[in-house]
Amino acid sequence: MYKKDFPFFANSKTVYLDNGATTQKPQSVINATIDYYTKYCSNTHRSGFGNAAIATTEFEKSREVLQKFINANKKEEIVFTSGVTQSINFIASSFGKRFKNIIISSLEHHANIVPWQMQNRTLGNGLLVVNCSDNLDFDFTHFEKLLKENPNSFVSIAHVTNAFGKVHDIKRIVSLAHSYSCPIMIDGAQSLSGFKIDVQDIDCDFFAISGHKTFGPTGVGAIYIKEKFHDMVDPYITGGAAINLVDLEQGTTFLNSPYKFEAGTQNIAGVIAFKESLKYIENIGYKTIQKRKDELMQYLDSELKKLPDIIFYNDLKDCSGTRSFNFKDIMHDDISILLDKMGIAIRVGHHCAQPIMNKLKIKGTIRVSLAFYNDFSDIDKLISSLKRAISMLKD
C-alpha cells in the first residue's frame with residue numbers, strides 16, 4: 001500500500017526487513033535532495049546572494065519543523081548533527097564528562113557505551129549499568145538503588161533498544177532520574193519512526209535523533225538540548241559559523257545555541273530533506289503507523305513460532321517493530337547468507353550490542369525489523385525462505 005511512495009521498491013525485488021539499520025526514503029525526500037543540488041546549491045548562514053538565502057531559509061525551516069514535530073519549546077533547542085552517534089558523543093564530551101558517574105541500561109547500543117569508556121570509565125568505576133530481567137525488562141528497583149547511591153549522576157538510556165526492540169518506560173525513567181538530581185539523555189534512534197515523541201511531556205534533558213532511521217537522508221540527525229542546559233554544554237566542534245568574535249589576544253566568543261554547536265558546513269541537503277520525511281510521517285499519522293506495525297508484528301510472531309527449534313529472548317510485550325531470534329544448532333550467519341541468496345534482507349550478528357549478547361551467552365541473533373511499508377507478503381516470503389534455509393542447513 002505504501003511502497004509506491006518509496007522508489008527503492010520499484011527498483012529492487014529485495015524483501016527489505018532491515019529497517020532497524022536504516023529505512024527507505026520516500027520520493028519527497030529524494031526530490032528535496034535533488035532540488036537543493038540542482039536548483040539552489042549554496043552554503044548557509046554566510047553568503048547574502050539569492051540562492052544562499054534560499055538554502056538558509058530551507059535549512060532553518062527544517063529546524064522549525066523538527067521543533068514542532070517533537071514539541072520542543074523553542075527552535076534553539078534543536079541542534080543538527082550527523083546522527084545519533086555524533087549526538088551522543090557530543091553530549092558525552094561536552095557535558096557528560098563532568099559527572100562522576102554515568103548510568104546506562106544493559107541493552108545499550110555501542111554508541112551509548114564506547115563514548116563513556118573513552119573517558120576511562122569502566123564498569124563500577126564511573127560507569128554504572130542497570131540490570132535487566134530474563135525477559136530483558138528494565139529493572140526499576142536496581143535503577144533506583146543506583147540513583148540513591150549515586151545522586152547527581154548523568155543518565156543515558158535508549159528509548160527503544162537496537163538489538164531487541166524493547167521499549168523502555170522512558171517517562172518513568174526520566175522522572176526517577178530527576179528525583180535524584182540526574183540530568184538524562186534519551187537515545188531516540190529507534191523510536192521516532194514508530195511513535196510520537198513529545199520531549200516536553202517526557203521531560204528529558206537531551207534527546208538524540210536519527211534522520212536515516214526515520215525515512216530521512218543518511219548522515220543527518222539532531223540533538224534536542226533543553227534550554228536550561230545551553231550555557232552548560234561546551235561547543236563540540238569549533239570553527240566557522242559558530243563564533244561571534246575571534247581575536248588573537250582576547251580569544252573567541254561564541255554565538256548562542258544552536259549555532260555555537262553547528263560549526264563548519266553542515267549536511268545542508270540532508271537537513272533540508274529531513275523535514276520532508278517528518279512531513280511524510282505526519283501525513284500518514286502515527287496511529288496508522290503503529291496500528292500497521294502491530295498487525296505485522298503479530299503476524300510475524302505467529303508465523304515464526306511455527307518454525308522448529310526457534311529460540312526467542314523476549315516476548316513481544318513493550319516491543320516496537322523488531323524480533324530477534326536464533327535456531328538451535330544453526331549459526332545465524334549461515335541463515336543470513338542463504339536468505340540473501342533468496343532475496344531477503346535481514347540483519348544478523350551482535351547488532352552493536354555485544355554486552356547484552358555476552359549476558360545471554362550468544363554471539364548474536366537473527367533480527368527482523370519491520371516498517372509500516374512492509375506487508376504480509378514480505379513476512380510470508382521470509383517464513384518460506386527460513387524454512388528452506390533450515391532444511392538445507394540441517395540436511
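Predicted model only: the values in this text are computed from it and were never measured. Side chains are part of it too, since the values below use all heavy atoms of this structure and drop only hydrogens, waters and symmetry mates.
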Requested in this report: State the CG-CG distance between L300 and D378, to the nearest 0.5 angstrom.
Outcome: 11.0 Å
Query - Matching residue for F80 among I223, V271, I268 - test: side-chain contact (heavy atoms from CB on, under 4.5 Å) - result: V271
Query raised in the report: Does atom CZ of R46 have more than 12 heavy-atom neighbours from other groups under 6.0 Å away?
Result: yes
Query raised in the report: Ring centroid separation for Y224 and F207, is it under 6.0 angstrom?
Result: no
Requested in this report: For residues I113 and P355, determine if any side-chain heavy atom of one lies less than 4.5 Å from a side-chain heavy atom of the other.
Outcome: yes
Requested in this report: To the nearest 0.5 Å, tell me how far T57 OG1 sits from E64 CD.
Outcome: 9.5 Å
Requested in this report: Please name all residues satisfying side-chain contact (heavy atoms from CB on, under 4.5 Å) with T238, sequence neighbours left out, ordered by chain then number.
Outcome: P235, F254
Query - Same apolar cluster: I209 and I289, side chain cutoff 4.5 Å - result: yes
**Report entry** Cation-aromatic face contact R323/F312, 6.0 Å, 45 degrees
**Finding:** yes
Query raised in the report: For residues 159-188, which residue pairs qualify under ring pair (Phe, Tyr, Trp, His ring centres under 6.0 Å), counting only residues two or more places apart or in two chains?
Result: F138-H168, H159-F195
Query raised in the report: If we ignore angles and hydrogens, is there a donor and acceptor under 3.5 Å between the side chains of N19 and Y373?
Result: yes
Requested in this report: Please determine if K394 and D329 form a salt bridge, counting it only when a charged side-chain N lies under 4.0 Å from a carboxylate O.
Outcome: no
Query raised in the report: With a 4.0 Å cut-off, would you call K226 and D205 a salt bridge?
Result: yes
Report task. Kindly give the heavy-atom pair with the smallest separation between I366 and H332, and that separation in Å. Result -> CG1-CB, 3.7 Å
Query raised in the report: What distance do F215 atom CZ and L192 atom CG have between them, rounded to the nearest 0.5 Å?
Result: 9.5 Å
Report summary line: Heavy-atom nearest pair, S191 first then V160, reads CB-CG2, 3.7 Å
Query - Charged N-O contact under 4.0 Å between K75 and E60 - result: no
Report summary line: Of all heavy-atom pairs linking D139 and H142, the shortest is OD1-N, 3.0 Å
Report task. Mind running side chain to side chain contact (heavy atoms under 4.5 Å, CB included) on S156 and W116 for me, showing each step along the way? Result -> CA-CA 10 Å; S156 189; W116 308 115; 4.0 Å; yes
Query raised in the report: For atom CE of M118, is the number of surrounding heavy atoms from other residues, nucleotides or ligands below 6.0 Å larger than 12?
Result: no
Query raised in the report: Is any side-chain heavy atom of D18 closer than 4.5 Å to a side-chain heavy atom of S369?
Result: yes
Query - Distance (rounded to the nearest 0.5 Å) between E276 CD and T33 OG1 - result: 9.0 Å
Query - Single-linkage hydrophobic cluster, 4.5 Å side-chain cutoff, L339 and I311 together - result: no
Query raised in the report: Got a sec: does the CG of N256 have more than 12 other heavy atoms crowding it under 6.0 Å?
Result: no
Query - Residues that F95 engages under ring pair (Phe, Tyr, Trp, His ring centres under 6.0 Å), provided they are two or more places apart - result: F99, F154, F206, F229
Query raised in the report: Which atom pair, heavy atoms only, marks the closest approach of K25 to T22?
Result: NZ-OG1, 3.3 Å
Query raised in the report: Do T44 and Q266 touch side chain to side chain, with heavy atoms closer than 4.5 Å?
Result: no
Report task. Check P217 against A273 and note the closest heavy-atom contact, atom names and distance. Result -> CG-CB, 3.6 Å
Query raised in the report: Judged by modelled atom types alone, do T81 and S87 share a side-chain donor-acceptor pair under 3.5 Å?
Result: yes
**Report entry** Minimum heavy-atom distance K317-K166, with the two atoms named
**Finding:** O-NZ, 3.6 Å
Query raised in the report: Salt bridge or not for K171 and D203, using N-O below 4.0 Å?
Result: no
**Report entry** side chain to side chain contact (heavy atoms under 4.5 Å, CB included) evaluation trace for L304 with L386
**Finding:** CA-CA 9 Å; L304 284 174; L386 282 172; 3.9 Å; yes
Requested in this report: Could you check E144 against F140 for side chain to side chain contact (heavy atoms under 4.5 Å, CB included), going step by step and ending with a plain yes or no?
Outcome: CA-CA 6 Å; E144 188 158 18; F140 278 95; over 6 Å; no
Query raised in the report: Do other residues, nucleotides or ligands put more than 12 heavy atoms under 6.0 Å from D231 CG?
Result: no
Query - Check: E262 and V79 side chains under 4.5 Å, non-hydrogen atoms - result: yes
Query raised in the report: Distance from I356 atom CD1 to H351 atom NE2, nearest 0.5 Å?
Result: 12.0 Å
Query raised in the report: Do D380 and Y299 have side-chain atoms, one donor and one acceptor, less than 3.5 Å apart?
Result: yes
Query raised in the report: Should T322 and K293 count as side-chain neighbours, where that means a heavy-atom distance under 4.5 Å?
Result: no
Query - Ring centroid separation Y280 to Y2 under 6.0 Å - result: no
Query - Side-chain heavy atoms of I157 within contact of E108, under 4.5 Å - result: yes
Report task. Compute both the distance and the angle, then confirm whether K3 meets the cation-pi test with F9: under 6.0 Å from the six-membered ring centre, within 45 degrees of the axis. Result -> yes
Query raised in the report: Is the closest side-chain heavy-atom distance between L382 and I346 below 4.5 Å?
Result: yes
Report task. Please check if V174 and L128 belong to a single hydrophobic cluster, counting links between Ile, Leu, Val, Met, Phe, Trp and Tyr side chain heavy atoms closer than 4.5 Å. Result -> yes
Report task. Taking the side chain as every heavy atom from C-beta outward, state whether Q190 and K213 have any atom pair closer than 4.5 Å. Result -> yes
Report task. Drop me the distance from I344's CD1 to S384's OG, to the nearest 0.5 angstrom. Result -> 8.0 Å
Requested in this report: Compute the centroid of each ring, for F8 and then for Y16, and state whether the two points are separated by less than 6.0 Å.
Outcome: yes
Requested in this report: Look at the side-chain heavy atoms of Ile, Leu, Val, Met, Phe, Trp and Tyr, link any pair under 4.5 Å apart, and say whether V130 and L360 land in one connected group.
Outcome: no
**Report entry** Charged N-O contact under 4.0 Å between K279 and E282
**Finding:** no
Query raised in the report: Does the side chain of D294 come under 3.5 Å of the side chain of Q298 through a donor N or O and an acceptor N or O?
Result: no
Query raised in the report: Going by atom types only, do N135 and S133 share a side-chain donor-acceptor pair under 3.5 Å?
Result: no
Query raised in the report: With a 4.0 Å cut-off, would you call E295 and K291 a salt bridge?
Result: yes
